[in-house]
Amino acid sequence: MSTAYQIVVCGSIVPDPLQTLEPVSTPMGPALKNEMMLPAVLDPWASHALFEAAHLANSAPGSKVWLISIAPKAKLQQVMMTIAQKVPFELVALDGPAGGFTEAAEVAAILADAIKAIPGLDMKRLLVFGGWESASRGAGATMQMVGELLGITDQFQGVDQITVNTDGSLEILERIEGGKHQVSKCAGPPAVLGWATGSLPEPPNNPQIGMANMRAIMPALQRAKPAKIAAEGVTFVRVTLPKQLRETKIVKDTPAYEIAKEIVAWIANE
Amino acid sequence: METILVLAHTETDGSLAKPALEALAAAKSLGGLLVVGLVGENVQDAANSIAACGAAKFFGVCGADFAQARYATDAAAAEAIAQAAGAPVIIAPHTSRWGRVLAGVAQRLGGRADTHVTAVSLVNGAPAVTRWYYRQRMEAVLQRAQRPWVIALDPGCVAPWRGEAGTASVEKVAVNLTDAHKRTTVTGVRAPKAEEQTIRPDAKLLFVAGAGWTKKQADGQVHVAEAEKLILDFLKLTGASLGSSKSLVDLSGEGQAVLPFMTHLNQIGQTGSTPRHPKGLSTCCHGEEPHTVGWRFINERRAISLDPSCGWARGKADVLYVADAFQVMAKVNELLAAKKSS
Ligand SMILES: Cc1cc2nc3c(=O)[nH]c(=O)nc-3n(C[C@H](O)[C@H](O)[C@H](O)COP(=O)(O)OP(=O)(O)OC[C@H]3O[C@@H](n4cnc5c(N)ncnc54)[C@H](O)[C@@H]3O)c2cc1C
């Protein structure tokens, strides 16, 4: 049995992980210093979700992939320049904050409304993908809430693999403790899948896909409605950087045997 | 202090795992009225094991349908217990099972959730949680006005509750399940064979391998087979848990020489895990920030790298050995083997 899926990927942008981040307090609550200046990337686990979505869509003819993103429009446009070259998708953009100190429940409500507004949405074909945790809030909360708001109670988190069985059911592998995977069989869509790294390498840039995507992405960005998101009811008592630096002792020009002795003693020392 | 519901699931043998006892200890540290909710195939033994914890009441959802870690049934069970208990604050262990459902449950209850919480405390007489943002780059303490407030406590942050077992009286909470709750079936667990199981959350030591192990060495050759033997021997001798840098586990996707026992599950860092171990030894890894954020909860850190100006040298490790990890680890294994046989 073959199903043409409607795969909606939820994913926003985060600062490039190579950047140094510093918290600042603003009248709106905590934020990042120079947040709007920091180079951004698509949230890494959401990127994996997008690549997996495209792969699945490719293997199920008639399927389509949407990417729904709430982020400051101008920064989202920059990120789209690279992401659009990876895999085919249609962007649904919402213009709002993408920082980690916003509230997952507020983000989820807007995402769920945006999913419901997709023309021709069919719950029997719907798979909602996203990263299992963001690189900003890192809570793993948004996707579950989106699922609840859409009435989807087949939900999976830390997903590394999805396989469509011949009867249309889905076999899903989720990360659990101790480097293991829980294996589940789900009757079929609708389902929510929060992806971990998945099992696909990052697709190479393909300028043709990029050009095709961008034709619809630019108007989608222009259409982006403002999304009001804060963290209603939350009081941040403090936000601090950890004491970052250790005093590193550097051991050089020492024979391997001496170093080995020191390491073995250190390991044994309770 | 408000009433706190400690929400836990039992293990397959009916017991409570350490993270559940940690959540209980955290709740007790806040004071206030305590109630306990348990979900699992059987919950009586678990309730008995914490009978002396001081809970005013024990609620339970049990039956074969609640044996498996499945969103639909777990969320229904947690929701039913939360409704029955009516507690404004809910503290639960952030296990993979609860991590899958707790935010959804908060949504259902009209409340809010905070996950990956590392500490709970009282600030101005009201509960506050500590959690990290931007992948362990900054730590925040926050409070919430909304209730119920579901707090998922990360394992390993609090000493577990200890006390005598006894006999607890459990009030059974009914959950009406329909076919819709059973569209998913957990069919099993896929795990590497015991001898290939390299991820050991309870190990005292984290051993991290970086991409250097698969790079050309001074003789212009790669030595992957030797690297594999050195790493596996070390793991056998120490029982350490094996971590990896992203570069090393990504290599397999790029068709390069790889260590076959490593997968993305071993990856530490920004897009990997952030394990908790008392000590960590990094080898052939450059110690870049997206990797070292995953070391946030490793107390003592040492590294072996050929590069004296790698990230580890810049305040990220306590000791950096500027040396060839092949040579050092061969000697380490010799010494450990000699120690074992003596
Ligand atoms: C979005 C994003 C997310 C990321 N997430 C992660 C993440 O989760 N985890 C992660 O690890 N990285 C992550 N990275 C990548 C990170 O920035 C680094 O590229 C990566 O950690 C480098 O891995 P490495 O140190 O093993 O390899 P390299 O940078 O290649 O370093 C190898 C090191 O081995 C040393 N070496 C070689 N031979 C020997 C020898 N015989 N003895 C001793 N030392 C030797 C070399 O001197 C060098 O220092 C991420 C990057 C991005 C952009």
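In what follows, chains are A, B, ... by sequence order, proteins preceding strands, each numbered from 1.
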**Q** If we define contacts as heavy-atom pairs under 4.5 Å, which of A:Asp253, A:Leu32, A:Ile152 has the most with chain B?
**A**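 Maximum pair count with chain B is reached by A:Leu32.
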
**Q** Does any heavy atom of chain B fall under 4.5 Å from the side chain of A:Ser134, the backbone, both, or neither of them?
**A** backbone

**Q** Checking A:Glu262 against chain B: side chain, backbone, both or neither under 4.5 Å from a heavy atom?
**A**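 Interface part for A:Glu262: both.
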
**Q** Can you name the nearest heavy-atom pair linking B:Gln197 to A:Gly179, along with the distance?
**A**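 Distance-wise, the nearest heavy atoms are NE2-O, 4.3 Å.
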
**Q** Output, in order, the C-alpha distance, side-chain angles, deciding distance and verdict of side-chain contact (heavy atoms from CB on, under 4.5 Å) for A:Gln182 and B:Arg100.
**A** CA-CA 12 Å; A:Gln182 172 166 298; B:Arg100 185 186 295 108; 3.5 Å; yes

**Q** In the structure I gave you, are the side-chain heavy atoms of A:Pro242 and B:Trp132 within less than 4.5 Å of one another anywhere?
**A**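 Yes - at least one pair of side-chain heavy atoms lies under 4.5 Å apart.
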
**Q** Before accepting this row, confirm whether a basic side-chain N of the pair B:Lys331/A:Glu258 lies closer than 4.0 Å to the acidic partner's carboxylate O.
**A**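 No salt bridge links B:Lys331 with A:Glu258.
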
**Q** Which one wins on heavy-atom pair count under 4.5 Å against chain A: B:Gln136, B:Lys279, B:His264, B:Arg302?
**A** B:Arg302

**Q** Specify the closest pair of heavy atoms between B:Tyr134 and A:Gly100, including all atoms of both residues, with the distance to one decimal.
**A**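 So the two residues come closest at OH-N, 2.7 Å.
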
**Q** Please assess B:Arg97 against A:Glu177 for the test salt bridge (Lys or Arg N to Asp or Glu O under 4.0 Å), listing each intermediate value before the final yes or no.
**A** CA-CA 9 Å; B:Arg97 182 168 180 177; A:Glu177 285 80 1; over 6 Å; no

**Q** If I measure from the heavy atoms of chain A, does B:Ile304 come under 4.5 Å with its side chain, its backbone, both, or neither?
**A** side chain

**Q** Could you state the interatomic distance from CG (B:Leu237) to CD1 (A:Ile267), rounded to the nearest 0.5 Å?
**A**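 One finds 9.5 Å between CG of B:Leu237 and CD1 of A:Ile267.
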
**Q** Closest heavy-atom contact between B:Ala140 and A:Val239?
**A** CB-CG2, 3.8 Å

**Q** Could you go through the side-chain contact (heavy atoms from CB on, under 4.5 Å) check for B:Leu265 and A:His181 one step at a time?
**A** CA-CA 10 Å; B:Leu265 295 178; A:His181 283 111; 3.6 Å; yes

**Q** Using a cut-off of under 4.5 Å for heavy-atom pairs, which of B:Ala325, B:Ala69, B:Ser273, B:Ala323 has the most such pairs with chain A?
**A** B:Ala69

**Q** Under a 4.5 Å heavy-atom cut-off, does chain B meet the side chain of A:Glu247, its backbone, both or neither?
**A** backbone

**Q** Tell me, do A:Leu21 and B:Met138 make a side-chain contact under 4.5 Å, heavy atoms counted?
**A** yes

**Q** Heavy atoms only: give me the nearest B:Arg183-A:Pro190 pair and the separation to one decimal.
**A**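 The answer is NH1-O, 3.6 Å.
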
**Q** Just give me the residue among A:Ser199, A:Ala108, A:Ala139 that pairs up with chain B most often, heavy atom to heavy atom, under 4.5 Å.
**A**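 Heavy-atom pairs under 4.5 Å are most numerous for A:Ala139.
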
**Q** Do any N or O atoms from the side chain of B:Arg137 and from the backbone of A:Pro17 form a donor-acceptor pair under 3.5 angstrom?
**A**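 Between the backbone of A:Pro17 and the side chain of B:Arg137 there is a qualifying donor-acceptor contact (under 3.5 Å).
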
**Q** Please identify, among A:Ile176, A:Asp154, A:Asp160, the residue contributing the most non-hydrogen atom pairs under 4.5 Å to chain B.
**A** A:Asp154

**Q** Check whether more than 12 heavy atoms from other residues, nucleotides or ligands sit under 6.0 Å from atom CE of A:Met28, and answer yes or no.
**A**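 Atom CE in A:Met28 is not crowded, with 12 or fewer foreign heavy atoms closer than 6.0 Å.
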
**Q** Counting only heavy atoms closer than 4.5 Å, note whether A:Pro15 contacts chain B via side chain, backbone, both or neither.
**A**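 Just its side chain gets close to chain B.
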
**Q** Highest number of heavy-atom pairs under 4.5 Å with chain A: which of B:Pro192, B:Gly280, B:Pro155?
**A**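 Top option by heavy-atom pairs under 4.5 Å: B:Gly280.
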
**Q** Hey, are A:Glu103 and B:Arg144 close enough for a salt bridge, meaning a charged N less than 4.0 Å from a carboxylate O?
**A** yes

**Q** Is it the side chain or the backbone of A:Asp16 that comes within 4.5 Å of chain B heavy atoms, both, or neither?
**A** neither

**Q** Using a 6.0 Å cut-off, check whether atom NZ of A:Lys116 has over 12 heavy atoms from anything other than its own residue.
**A** yes

**Q** What option among B:Ala145, B:Ala191, B:Gly104 has the most heavy-atom pairs under 4.5 Å with chain A?
**A**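 That would be B:Gly104.
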
**Q** Taking it one step at a time, do B:Val186 and A:Val183 satisfy side-chain contact (heavy atoms from CB on, under 4.5 Å)?
**A** CA-CA 6 Å; B:Val186 177; A:Val183 187; over 6 Å; no

**Q** Top residue by heavy-atom pair count (under 4.5 Å) with chain A, among B:Asp318, B:Asp202, B:Thr238?
**A** B:Asp318

**Q** Highest number of heavy-atom pairs under 4.5 Å with chain B: which of A:Val14, A:Val146, A:Leu149, A:Leu200?
**A**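 Highest number of pairs under 4.5 Å: A:Leu149.
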
**Q** Taking A:Ile259, A:Ile250, A:Thr248 one by one, which has the highest count of heavy-atom pairs under 4.5 Å against chain B?
**A**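 So the answer, after comparing A:Ile259, A:Ile250, A:Thr248, is A:Thr248.
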
**Q** Take atom CE in A:Met36; do more than 12 heavy atoms of anything else shown fall under 6.0 Å from it?
**A**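 It does: A:Met36 CE has more than 12 such atoms within range.
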
**Q** Between B:Glu288, B:His181, B:Arg131, B:Arg200, which shows the greatest number of heavy-atom pairs under 4.5 Å with chain A?
**A** B:Arg131

**Q** Distance from A:Ile263 atom CD1 to B:Met329 atom CE, nearest 0.5 Å?
**A**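 With rounding to 0.5 Å, CD1 (A:Ile263) is 6.5 Å from CE (B:Met329).
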
**Q** Is a salt bridge present between A:Glu133 and B:Arg135, judged by a nitrogen-to-oxygen distance below 4.0 Å?
**A**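 A salt bridge links A:Glu133 with B:Arg135.
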
**Q** Assess whether atom OH of A:Tyr257 is packed by more than 12 heavy atoms of other residues, nucleotides or ligands within 6.0 Å.
**A**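 No, the 6.0 Å shell around OH holds no more than 12 heavy atoms from other groups.
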
**Q** Short question: side chain of B:Gln146, backbone of A:Glu232 - any donor-acceptor pair under 3.5 Å?
**A**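 Yes, B:Gln146 side chain to A:Glu232 backbone: donor-acceptor pair under 3.5 Å.
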
**Q** Looking at side-chain heavy atoms only, is the closest gap between A:Val264 and B:Leu336 below 4.5 Å?
**A** yes

**Q** Enter the distance from A:Lys249:NZ to B:Leu320:CG here, rounded to the nearest 0.5 Å.
**A** 11.0 Å

**Q** State, to 0.1 Å, how close B:Ala317 and A:Arg246 come at their nearest heavy-atom pair, and which atoms those are.
**A**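 Distance-wise, the nearest heavy atoms are O-CB, 3.8 Å.
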
**Q** Under a 3.5 Å threshold, yes or no: a donor from one side chain and an acceptor from the other, between A:Thr235 and B:Gln143?
**A**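 No, no side-chain donor-acceptor contact under 3.5 Å.
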
**Q** So, for B:Ala103 and A:Gln144, which heavy atoms are closest and what is the spacing to 0.1 Å?
**A**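 Scanning both residues, the minimum pair turns out to be N-OE1, 2.9 Å.
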
**Q** Of the backbone (N, CA, C, O) and the side chain (C-beta and beyond), which part of A:Trp266 lies under 4.5 Å from a heavy atom of chain B, both, or neither?
**A**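 The answer is both parts of A:Trp266.
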
**Q** CG of B:Asp74 to CD of A:Gln155: how many Å apart, nearest 0.5 Å?
**A** 11.5 Å

**Q** Can you tell me how far CD of B:Glu79 sits from CD of A:Glu148, rounded to the nearest 0.5 angstrom?
**A**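 That separation rounds to 8.0 Å.
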
**Q** Counting heavy-atom pairs closer than 4.5 Å to chain B, which one of A:Gly131, A:Pro44, A:Ser184, A:Gly194 comes out on top?
**A**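 Going by pairs under 4.5 Å, I would pick A:Ser184.
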
**Q** With a 4.5 angstrom heavy-atom cut-off, which part of A:Thr197 approaches chain B: side chain, backbone, both or neither?
**A** side chain

**Q** Return the OG1 to CZ distance between A:Thr153 and B:Arg108, rounded to the nearest 0.5 Å.
**A**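 Answer rounded to 0.5 Å: 6.5 Å.
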
**Q** Take B:Tyr71 and A:Phe156 through the test ring-ring contact (aromatic ring centres under 6.0 Å, His included) and record every step on the way to the result.
**A** CA-CA 7 Å; B:Tyr71 184 93; A:Phe156 306 88; 8.6 Å; no

